[in-house]
Every structure is written in C-alpha cells, then in structure tokens.
Amino acid sequence: MSYSELLALAFFFAIFFPLLRQLSHLYTNYTLARQTGLRIIIVPFYPFGTPWLIIAPLCAPLFQHFEWCRILNATWAWQDGARQHERYGENFIVVSPAKNVIYTSDKVAIEEVLKERKVWLKPKLYETMDLYGRNVDTVNSEDWSRHRKITAPCFNERVSSFVWDETIRQTQAMVAHWLSQPGARVSRMVDDTRVLALHVLCAAGFGVRQNFHGGVRNPAPGHQLSHRDALMTVLNNLITILIITPQEAFVDKVAFLLPPRIKNCLLAFREFRQYTDEAIALERKLLSQAGGAQKANFISTLIRTSDQAKDEGFQSTAKLTDDEIKGNIFIFSFAGHDTTANTLAYAFALLSIHPEVQNWIGEEIDEVFRNDADPKYEDTHPQLKRVLAVMYETLRLYGPVPQIPRGPLSPNTPLTITKPNASISTSATGTTTMHVPPNTEIVLNLHAMHTTSHHYVSPQEWKPSRWITSSSSTRLEEEKLLPRPQNFAPWASGPRICPGMKFSQVEFTGVLSTVLRQAWVTPSTKDGSDAEEEARKTVQALVKDSALIGATVSMRRPGEVWLRVVRR
C-alpha cells in the first residue's frame with residue numbers, strides 16, 4: 001500500500017470513526033429516551049456542552065432553518081415562553097450524542113425536583129460559577145449543608161432592617177439626582193439601579209457604606225477598573241472567562257495576540273479577585289482589632305465562623321477555605337446585586353408605561369407612609385403588599401433565570417409528572433410516575449411555567465393586581481398578598497430556595513416606595529419630544545428587546561431607556 005493510500009485511509013478513519021461513535025451514542029440515547037414515552041427531539045450537539053457553547057455563535061446561523069436548532073439556542077426558554085411546551089408537551093426530551101435532556105414546565109415535576117435536593121443534584125454546568133471558589137449555590141450533598149450552615153446566619157431580620165435603612169438612604173440620593181436632571185429626564189436608570197444595588201450589597205455584605213454619586217463607580221486605589229465594572233464584565237462574559245482563566249499563565253504569554261475584549265475579560269477577572277482579597281484582608285484586620293466582635297454583615301460572618309472553626313482544629317466541619325469564602329462572596333455579589341437591579345430596572349420601565357399601576361400602588365404608599373419622615377422596616381415593609389405584588393409580577397414575566405438544570409443522583413430515578421402522553425397510563429389524580437433513564441438531565445423551564453395560559457389568565461399581560469386578594473368593601477390595610485403558588489418559583493423553592501429572597505424583597509420595596517413617594521415616572525424619548533404614545537411604544541419595545549446576557553435576562557439597550565421623573 002502506497003504512502004498516499006495509507007494517508008487517505010488514516011484520514012478516512014480519523015473522520016468517520018468519531019462520526020460512527022457519535023451516531024452509536026446517539027442511537028443508545030434515543031432508545032433510552034423512548035422509554036419515557038415523551039415527545040423526542042433529536043439534536044447533533046449537547047445543548048450545555050462546551051463544544052457547542054464555543055461554536056454556537058458561528059454555527060447557529062447555519063442551522064437556523066432546522067427545527068431542532070431552536071432548542072439549541074441558549075435563549076429559547078426566554079424568547080419562546082411557553083410556546084415550545086405548548087407544541088411538544090409540558091415534558092419533552094431532547095436526545096444528543098452526549099446526554100439526553102428532559103425539559104419541563106410542569107409545576108408538579110418542578111416542585112418535586114426542587115424539593116428533593118438529595119435526589120436531584122446541581123449538574124457540572126454549575127461549576128462555571130466556581131470562578132473564585134466553590135460556593136453555596138454550586139455544591140451538593142454534605143458540602144451544601146456545610147456551606148448553608150455557615151451562610152444562613154448572614155440573612156436574618158437584623159440584616160433585613162439594615163438593608164431597609166441603607167436602601168432608603170441610597171434611593172433618596174438617587175431620586176434627588178433624577179429630579180435634578182435637565183427636564184427631569186434620565187437615560188441611565190438601569191445603570192443607576194445597578195449602582196444602588198451594589199452599594200446596598202457592599203454595606204450589608206461587606207460593611208462598607210458608599211456615596212451614591214461615587215462609591216463603586218470609580219476604581220479604588222491600585223485598580224484599573226471599578227468594583228462595578230469588574231463584576232459586570234465577569235457576569236456578562238462568563239463563557240469567555242470560563243474558557244480562558246484555567247489557562248491564565250498561557251494567556252499571559254500570548255496576550256499581545258489577543259483581541260481587546262479577551263484582554264478586558266481577563267483584567268476584570270483579576271480585578272474582582274483583587275477586590276475580594278482586599279475585602280477579606282480588611283475584614284480580618286477589623287475583626288482582630290475588635291477582638292472578634294460580631295458585625296451584621298456577610299463577609300464578617302463567613303470569616304469569623306470559618307476562622308473560629310479552624311482554631312478548633314480539623315474535627316470541626318463548620319468552616320470554609322479561603323477560596324470557598326471568595327466563591328461565596330462572588331455568588332452573593334452576583335445574586336445579591338445583578339438580579340435585584342434587573343428587577344428594579346424592569347419595574348421602573350413598566351411602571352412608566354402603566355400609569356394605572358402607579359396610581360394603584362401610589363394609593364398604598366400614601367396610606368402606609370402618610371407623614372412618616374423616618375419609616376421603620378418592622379412597621380413599613382409588611383404593609384407594602386401592592387409594591388411587593390409589582391415585584392412578583394415583574395419576576396413572573398422578566399425573571400432573571402429562565403431555566404434551572406438538575407441531574408438525578410442515580411439512573412432510573414422516579415419523577416412525578418402531569419399531563420403525560422396518551423401512551424402513559426395516568427393515575428386518578430392526573431399524575432403519573434416516570435422513571436428518568438440513565439445519562440439524562442432535566443431542565444426546569446421556569447419562564448414557560450410562569451407564562452402559560454394553563455396557570456395564568458392573560459399570561460403576557462403585566463398585571464400586578466393579580467397577586468392581591470380584595471373585594472369592593474375591603475380596606476387597603478385588609479388586602480392580602482397571595483401566597484406564592486406552586487406555579488411561581490422565581491427564587492426556586494424547597495431546601496435550596498434562594499437564601500437572599502427576603503434581602504431582595506426588602507431592597508425592592510424600599511427602592512420603589514421611596515421613589516414613588518416623591519416622584520412620578522413617565523416614558524420619554526431620546527429627542528425629548530415626549531409624544532405620549534411614541535414614548536410609551538419606545539420604552540415598551542426596549543423592554544421587550546431583552547435577552548439572556550451572561551447569566552441573566554437583561555435589556556439589550558438599557559442606555560436607550562429614557563424616563564421623565566416628575567416630582568409629585
């Protein structure tokens with residue numbers, strides 16, 4: 001056999017053997033998927049695999065005419081709402097050569113998965129959030145219990161009261177800034193809510209109180225980026241940072257070849273790490289000077305608890321490594337800042353185009369605050385039911401995380417589902433037990449659950465009053481906020497429900513009530529014409545033009561959202 005023939009044969013095997021192996025895996029996974037009785041969609045790539053995430057920007061346009069390509073789009077769960085589930089069923093399965101993925105918008109299945117944390121684990125995908133160390137959001141089993149035990153004391157009523165006071169202080173400065181703008185027109189509302197949320201986080205999380213007009217907007221001494229810019233760059237470029245940071249030393253050597261965007265991502269990763277190291281060092285110094293005295297902030301609790309455990313020796317399990325402390329600081333910075341800031345931004349934009357809702361919550365704010373110049377958390381927050389209803393409804397339509405992946409601990413794990421295919425026999429209650437086959441993960445499609453007509457009347461309508469129970473004779477103080485139903489889980493549910501849920505609720509009600517106590521928000525336009533219908537349509541279009549940016553749903557063009565803020 002000649003050299004050229006050998007080369008051709010080698011090329012044949014190099015190309016076709018991997019292809020045959022992939023086809024073999026695909027067939028095996030297909031036979032497993034058929035056991036579920038669910039509708040099947042076959043795709044050539046694992047939707048959450050690193051290879052697809054890398055090539056998706058280049059290949060997705062080539063495949064866009066194929067039906068299966070829609071499911072591989074990382075943002076389909078947000079963009080399509082309940083549409084795919086109305087087409088394929090509340091539960092359907094996607095088959096790929098690597099793994100199978102069950103997508104569910106079924107409230108019964110979602111509740112069961114979130115409730116059974118020891119059965120349904122967070123998959124390897126969550127390790128992308130371990131950029132600075134493992135944390136309470138990414139670990140499983142006993143590690144989660146350890147992290148949860150140490151982080152839980154960071155969220156209590158004492159902290160909630162502090163969050164309320166700091167939120168009021170920051171918001172008063174923000175609304176005064178808005179009212180002072182020429183024509184009371186603002187275009188940096190989204191950016192301002194991010195700064196406000198990060199300042200509240202710095203105060204409650206790190207014990208550092210900032211001035212609204214400065215603080216995290218400006219680089220600290222020894223830094224090239226501000227705290228805010230470093231964090232936001234990391235959050236908006238998670239995939240890129242996940243790829244380059246494991247090879248940090250090599251990337252440094254070839255930095256002169258890299259485009260500016262990659263260099264900036266690496267800089268932001270290092271800058272946030274430096275901010276975190278400095279915060280830990282400062283807190284340890286302050287704790288040492290104070291003799292270990294307790295302080296009501298997140299980082300103090302983490303360091304004090306872990307350092308005390310280290311002093312007790314290796315027998316103590318209630319401790320975190322320094323990397324785990326950094327990891328928890330990062331995830332708290334993400335969850336305690338980005339999600340709440342986004343919810344506030346959407347709420348202000350939606351309120352501007354729904355004056356009837358402003359009137360509605362304005363009635364409550366006037367009743368609750370009256371002439372109270374110094375509203376206390378304990379007295380005021382529980383009465384702001386309509387304001388909290390605005391948060392619920394905003395999260396229902398614009399929740400930051402459209403879907404949550406999980407993986408069973410063992411193959412053939414039973415799962416209760418509703419509305420199965422006719423081929424599966426149902427129980428008297430309309431539910432059945434399906435066994436999840438090996439090599440299969442599950443994705444909880446929260447956004448589809450929140451936007452289906454099966455659960456909500458006029459699901460695409462932003463209507464905060466749907467969360468309030470009242471009658472024509474009910475007085476304001478007698479109204480009740482509906483308890484969160486089974487089909488509403490923006491903070492997840494079960495044992496792993498978001499530990500910062502109360503934190504975000506207190507911050508949201510504090511910001512919204514403080515702004516609307518002083519001002520009225522209306523839509524505006526870039527040119528300042530303020531033709532009412534044109535301005536409303538413009539803001540509405542900008543809100544709709546949202547996407548999964550980084551890890552959360554955000555507006556694509558936040559700087560184009562112009563609002564007019566008028567003193568009441």
Side-chain angles (χ1 to χ4, degrees), residues 48 99 104 109-156 159 201 205 235 238 242 276 280 297-310 312 314-339 400-401 403-411 413-415 436 440-444 446 484 489-504 551-552:
F48 302 108
K99 288 183 179 181
T104 180
I110 289 174
E111 182 180 51
E112 181 172 307
V113 169
L114 293 176
K115 180 181 178 182
E116 302 294 338
R117 72 164 182 89
K118 293 183 178 180
V119 176
W120 298 93
L121 307 180
K122 293 201 170 185
K124 197 174 182 64
L125 176 66
Y126 274 85
E127 292 181 7
T128 59
M129 302 304 287
D130 284 343
L131 288 173
Y132 298 95
R134 302 170 77 223
N135 57 76
V136 69
D137 188 54
T138 62
V139 294
N140 289 296
S141 304
E142 297 310 311
D143 270 344
W144 177 81
S145 298
R146 174 171 59 91
H147 280 256
R148 179 72 169 189
K149 181 178 180 180
I150 296 173
T151 57
C154 304
F155 303 97
N156 53 45
V159 172
L201 170 67
L235 295 179
L238 280 175
L242 174 67
T276 304
I280 292 173
N297 65 62
F298 182 72
I299 191 171
S300 177
T301 303
L302 288 182
I303 293 173
R304 186 179 65 253
T305 305
S306 294
D307 287 358
Q308 287 175 354
K310 291 174 185 176
E312 294 168 9
F314 67 91
Q315 297 294 335
S316 176
T317 59
K319 60 185 177 183
L320 300 176
T321 66
D322 277 6
D323 281 345
E324 288 174 329
I325 291 175
K326 293 176 190 176
N328 278 289
I329 290 173
F330 170 68
I331 206 67
F332 183 61
S333 298
F334 161 55
H337 151 253
D338 191 52
T339 56
V401 182
Q403 55 187 18
I404 299 176
R406 287 289 189 272
L409 179 63
S410 56
T413 297
L415 176 66
V436 177
T440 302
E441 294 177 344
I442 189 166
V443 171
L444 313 180
L446 302 183
R484 292 191 308 280
W491 292 282
S493 64
R496 298 196 71 153
I497 191 170
C498 174
M501 179 178 68
K502 185 65 175 290
F503 187 112
S504 67
T552 56

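Throughout, residue positions are numbered sequentially from 1 according to the sequence presented. Owing to the predicted nature of the structure, the values given are computational and were not obtained by experimental measurement.
Between M129 and I331 the shortest side-chain heavy-atom distance falls below 4.5 Å. Between E116 and R406, every side-chain heavy-atom pair lies at or beyond the 4.5 Å cut-off. Two residues are said to be in side-chain contact when any heavy atoms from C-beta on lie closer than 4.5 Å; R148 and P495 fail this criterion. Here the side chains of F334 and T552 are in contact, with some heavy-atom distance below 4.5 Å. Counting only heavy atoms from C-beta outward, the side chains of T104 and I110 approach each other to under 4.5 Å.
To the nearest 0.5 Å, atoms CD1 (I303) and CG (L320) are separated by 10.5 Å. Annotation: the span from S493 atom OG to E111 atom CD amounts to 6.0 Å, rounded to 0.5 Å. To the nearest 0.5 Å, atoms CD1 (I150) and CD1 (I325) are separated by 8.0 Å. Between the CZ atom in F155 and the CZ atom in F332 there is a gap of 4.5 Å [rounded to 0.5 Å].
F330 and Y132 have tilted rings, their planes meeting at an angle from 30° to 60° on a 0 to 90° scale.
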query: Do V443 and I404 pass the side chain to side chain contact (heavy atoms under 4.5 Å, CB included) test, and can you show the C-alpha distance, the side-chain angles, and the key distance before you say yes or no?
result: CA-CA 6 Å; V443 171; I404 299 176; over 6 Å; no
task: Apply the test side chain to side chain contact (heavy atoms under 4.5 Å, CB included) to residues I329 and I280: give CA-CA distance (whole Å), side-chain angles for both, the deciding distance (0.1 Å), then the verdict.
output: CA-CA 10 Å; I329 290 173; I280 292 173; 3.9 Å; yes
task: Before giving the answer on side-chain hydrogen bond (donor to acceptor under 3.5 Å, both in side chains), spell out for S504 and W491 the whole-Å C-alpha distance, their side-chain angles and the decisive distance to 0.1 Å.
output: CA-CA 10 Å; S504 67; W491 292 282; 3.3 Å; yes
- prompt: L114 and W120: side chain to side chain contact (heavy atoms under 4.5 Å, CB included), yes or no, with the steps?
  reply: CA-CA 8 Å; L114 293 176; W120 298 93; over 6 Å; no
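Proximity of a side-chain donor or acceptor of N328 to a complementary backbone N or O of E324 within less than 3.5 Å is detected. For the pair T151 (side chain) and H147 (backbone), a donor-acceptor distance under 3.5 Å is present.
Here F503 and F298 keep their ring centres 6.0 angstrom or further from each other.
Here the closest non-hydrogen pair linking C154 and V159 is O-CG2, 3.4 Å. Residues S333 and L201 approach most closely at CA-CD2, 3.4 Å, considering heavy atoms. Scanning all heavy atoms of the two residues, the minimum distance from N140 to R496 falls at OD1-NH1, 3.4 Å. Scanning all heavy atoms of the two residues, the minimum distance from A109 to L415 falls at O-CD1, 4.1 Å. When all heavy atoms are compared, the tightest approach of V401 to L446 is O-CD1, 4.1 Å. Nearest heavy-atom pair, P123 versus P405, reported as atom, atom and distance to 0.1 Å: CD-O, 3.4 Å.
Contact check on D323 versus R134 returns no salt bridge, with no Lys/Arg side-chain nitrogen under 4.0 Å from an Asp/Glu carboxylate oxygen. A salt bridge links E127 with K124: the closest approach of a Lys/Arg side-chain nitrogen to an acidic carboxylate oxygen falls below 4.0 angstrom. Residues K122 and D137 are paired through a salt bridge, judged by an N-O separation under 4.0 Å between the basic side chain and the carboxylate.
Side chains of W144 and T138: no donor on one and acceptor on the other come within 3.5 Å. Under 3.5 Å, the side chains of R117 and S145 contain a donor-acceptor pair of N or O atoms.
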